[in-house]
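What's counted below: heavy atoms across the whole structure, side chains too, no hydrogens, waters or symmetry copies. A, B, ... follow the sequence lines: proteins, then strands. Residue 1 opens every chain.
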Amino acid sequence: MTAPRVRFAPSPTGSLHVGGARTALYNWLFARRHGGTFLLRIEDTDVERSRRDLTDQILHAMRWLGLDWDEGPFFQSERSALYREAADRLLAEGSAYRAFETPEELDAMKRAAEATGNAFRYDGRARALSRVESDRRAAAGEKFVLRLAMPDEPFVVDDVVQGRAEFPAGALDDFVLVRSDGHPLYHFTACVDDVAMGITHVIRGVDHLPNTPKHVALFRALGASQPVFAHLGMILGADGKKLSKRHGAAGVEEFQAQGYLPDALDNFLALLGWSPGEDKERMTLGEMASLFSLERIGPSPSRFDHEKLAWLNGQYLQEIPAATLAGMLEPFQVSHIDAGLLDRAIALHRSRARTLVELAHALAIYGEDPKEFEASGLKKLGKPESAVLLRALAERLSLLEPFSHAALEEAARALAAERGVKLGDLAQPARLALTGVLASPPLFEVIEVLGRETTLRRLVAFADRMSGAPVAH
RNA sequence: GCCGCGUUCGUCUAGCGGUUUAGGACGCCGCCCUCUCAAGGCGGAGAUCACGGGUUCAAAUCCCGUACGCGGUACCA
């Protein structure tokens with residue numbers, strides 16, 4: 001195929017949701033696969049709701065996901081001359097016309113239609129106005145909207161993903177292109193820009209499928225050939241309802257804040273509706289780009305499964321070098337941990353965390369002594385016998401050389417054997433004393449990283465607590 | 001209401017008329033490893049392919065209905 005030109009066209013009325021992110025990703029993937037061009041267009045024609053800070057947030061999220069654009073960002077708010085010109089042309093050519101009904105009149109018509117049980121569709125009455133009459137009223141300063149004269153014929157949309165969608169003649173009314181205050185509206189600006197920017201493929205959510213016949217009519221009126229359409233199924237929450245904050249994170253920046261990796265999110269999102277076949281799941285952006293095809297996108301909606309994302313994220317986490325992870329962990333408050341310890345601690349905990357937040361949380365014990373102890377652990381192990389064992393262990397470790405996990409384990413095993421207890425009977429209370437929880441990386445490796453001083457302090461403090469002695473400072 | 005689209009294990013999906021006792025992944029269960037928890041390895045349960053009619057020698061795969069879900073129905077995008 002000749003190099004395609006695709007675009008992602010978010011409107012800055014909210015932050016970038018995962019649905020939008022997936023749309024952006026597919027566009028990006030398609031462009032990269034075919035050596036095409038990926039453009040970014042900000043659809044900020046809704047002057048009341050568009051916000052500059054949300055635009056920045058969207059751009060930031062795109063960059064974070066690694067979806068670099070080749071052209072843009074273009075802002076529709078800066079392209080009004082183009083839309084005005086197109087509007088004038090459509091009006092002059094007769095494919096669009098002025099309609100002078102006031103909002104009140106339209107409301108009355110809508111109510112009347114509802115009263116008879118019919119859906120309201122503007123009946124196109126202003127088409128009957130003569131050109132002279134229309135010009136005269138406009139010149140007199142009367143308010144009007146510009147409407148497209150929809151051809152009275154059925155529309156067929158051949159969609160790469162959804163198949164063939166047929167819309168009977170008369171299903172769509174003469175929709176508004178330009179508001180009475182002069183602001184152009186979405187359908188109009190999107191099509192004018194798609195033509196101006198030479199867009200060859202429109203990849204977007206199915207929520208736009210019912211709009212597509214309008215766009216087809218608009219492309220025709222504009223004298224342009226229509227692009228190939230690919231409408232993606234919706235991304236739903238776990239309960240099958242529209243994805244929202246209620247389902248946990250829905251915005252890209254929320255996933256970032258929760259410690260998800262962009263590569264993992266990209267990979268996960270790509271799989272929501274697309275599959276390269278051959279049971280392949282783990283892929284880099286590059287691999288996905290080389291495998292991507294519109295034909296392999298499924299039409300049905302999919303639910304967002306946080307569990308699988310978390311799993312995938314954990315997989316990615318394990319492949320990142322500890323030193324690199326240390327840097328990535330910086331925004332998650334690990335700065336109070338000694339840099340010399342951090343890499344070693346990360347190596348120990350990495351496979352046990354699925355997100356950076358979980359990792360940072362687990363790493364906290366290398367920065368300061370545990371303040372709280374797992375309740376079930378205290379109940380089970382917080383006994384005087386444990387205190388005795390822990391004091392004995394502390395004593396053994398105070399002079400142990402070298403302070404390596406192998407030597408530590410040897411010493412602990414010897415102590416357990418002498419006391420006639422299993423290693424676990426010694427290790428579990430020690431784990432609780434050192435980490436505050438009952439699940440951790442192998443105990444002796446943790447001790448090695450923690451170091452002698454910290455280990456002894458925590459062991460003794462915990463033993464004191466168990467035997468009822470006042471906490472030492 | 002009307003219009004449009006969708007419907008394979010709980011979830012994401014493979015499958016594009018016969019090679020299917022419907023494959024993989026997440027999750028779940030069990031075993032191994034083991035000082036605990038993960039990771040990893042191995043194994044298991046889990047889908048009458050929404051339902052009902054057709055077409056065909058043969059259908060998850062093609063066609064038509066029904067149900068359910070989602071979307072649209074703005075001087076929002």
Just to be sure I understand the rule, does H349(A) reach a base, reach only the sugar-phosphate, or reach nothing, if contact means heavy atoms closer than 4.0 Å?
nothing
Could you work out the separation of C68(B) and G52(B) based on their C1' atoms and round it to a whole Å?
15 Å
Taking atom P in both G69(B) and C26(B), compute the distance separating them and give it to the nearest angstrom.
31 Å
As its Watson-Crick or G-U partner within any shown strand, both distances under 3.5 Å, U36(B) has none
Over all strands shown, is V145(A) touching base, sugar-phosphate only, or nothing at heavy-atom distances under 4.0 angstrom?
base
Can you tell me, in whole Å, how much space there is between the P of C37(B) and that of C32(B)?
13 Å
Okay, side chain of Q162(A), backbone of P299(A): is any donor-acceptor separation there less than 3.5 Å?
yes
Base, sugar-phosphate, or nothing for R49(A), non-hydrogen atoms under 4.0 angstrom?
base
Would you grab the first and last nucleotide of RNA chain B (5' to 3') that comes under 4.0 Å of any non-hydrogen atom in chain A?
G1(B) to A77(B)
What distance, rounded to whole Å, do you find between the two C1' atoms, one in G24(B) and one in G44(B)?
16 Å
Indicate, with a heavy-atom threshold strictly under 4.0 Å, whether E278(A) touches base, sugar-phosphate, or nothing.
nothing
Does R282(A) reach a base, just sugar-phosphate, or nothing at all? Heavy atoms under 4.0 Å.
nothing
Touch class at under 4.0 angstrom, heavy-atom based, for S440(A) against every strand present
base
Just name whichever nucleotide pairs with A74(B), Watson-Crick or G-U, keeping both distances under 3.5 Å, else none.
none
Would you say L400(A) and R452(A) make side-chain contact, with heavy atoms under 4.5 Å?
yes
Please work out if L272(A) contacts a base, only the sugar-phosphate, or nothing of the nucleic acid, heavy-atom cut-off 4.0 Å.
sugar-phosphate
Is the F255(A)-H306(A) ring centre distance short of 6.0 angstrom?
yes
Residue matched to C31(B) through Watson-Crick or wobble contacts both under 3.5 angstrom
G41(B)
Identify whether any heavy atom of A171(A) sits under 4.0 Å from a base atom; if not, whether one sits that close to sugar-phosphate; answer base, sugar-phosphate or nothing.
nothing
Y366(A): what forms a ring pair (Phe, Tyr, Trp, His ring centres under 6.0 Å) with it, not counting sequence neighbours?
H349(A)
Using the C1' atom as the reference point in each nucleotide, state the distance between A38(B) and U34(B) in Å, no decimals.
12 Å
Using side-chain heavy atoms (C-beta onward) and a distance below 4.5 Å, is I235(A) in contact with R22(A)?
yes
Ranking G277(A) and L438(A) by the position along RNA chain B of their nearest nucleotide, the one closer to 5' is G277(A)
What distance, rounded to whole Å, do you find between the two C1' atoms, one in C63(B) and one in C75(B)?
43 Å
Would you indicate what S180(A) reaches in the nucleic acid, counting non-hydrogen atoms under 4.0 angstrom: base, sugar-phosphate, or nothing?
base
Look at all strands and tell whether G273(A) reaches a base, only sugar-phosphate, or nothing, counting heavy atoms closer than 4.0 Å.
sugar-phosphate
Mind checking what makes ring pair (Phe, Tyr, Trp, His ring centres under 6.0 Å) contact with F462(A), not counting sequence neighbours?
F373(A)
Within the 4.0 Å heavy-atom criterion, would you say F304(A) contacts the bases, only the backbone, or no part of the nucleic acid?
nothing
Quick check: F268(A) with F304(A) (ring centres under 6.0 Å apart)?
yes
For A77(B) and C70(B), measure between their P atoms and round to the nearest Å.
25 Å
Separation of the P atoms in C12(B) and U56(B), to the nearest angstrom
35 Å
Any V192(A) side-chain heavy atom under 4.5 Å of T189(A) side chain:
no
For U48(B), the nucleotide meeting Watson-Crick or G-U wobble distances (both under 3.5 Å) is none
Under a 3.5 Å cut-off for both distances, is C5(B) Watson-Crick or wobble paired, and to whom?
G69(B)
Considering Watson-Crick and G-U wobble pairs with both distances under 3.5 Å, what does C62(B) pair with?
G54(B)
For this output row, return yes or no: ring centroids of Y26(A) and W274(A) closer than 6.0 angstrom.
no
Across the strands shown, which category fits E101(A) at heavy-atom distances under 4.0 angstrom: base, sugar-phosphate, nothing?
base
Using the benzene-type ring in the case of Trp, are the ring centres of H208(A) and H231(A) under 6.0 Å apart?
no
For L209(A) and F444(A), take the nucleotide of RNA chain B holding the closest heavy atom to each; which residue's nucleotide lies nearer the 5' end?
L209(A)
Write down the partner of G17(B) under the Watson-Crick or G-U wobble criteria, each distance required to be under 3.5 Å.
none
Nucleotide forming a Watson-Crick or wobble pair with G10(B), both distances under 3.5 Å:
C26(B)
Mind checking R431(A) for me? I need base, sugar-phosphate or nothing, with any heavy atom below 4.0 Å counting as a touch.
base
Pick base, sugar-phosphate or nothing for P299(A), based on heavy-atom distances below 4.0 Å to the nucleic acid.
sugar-phosphate
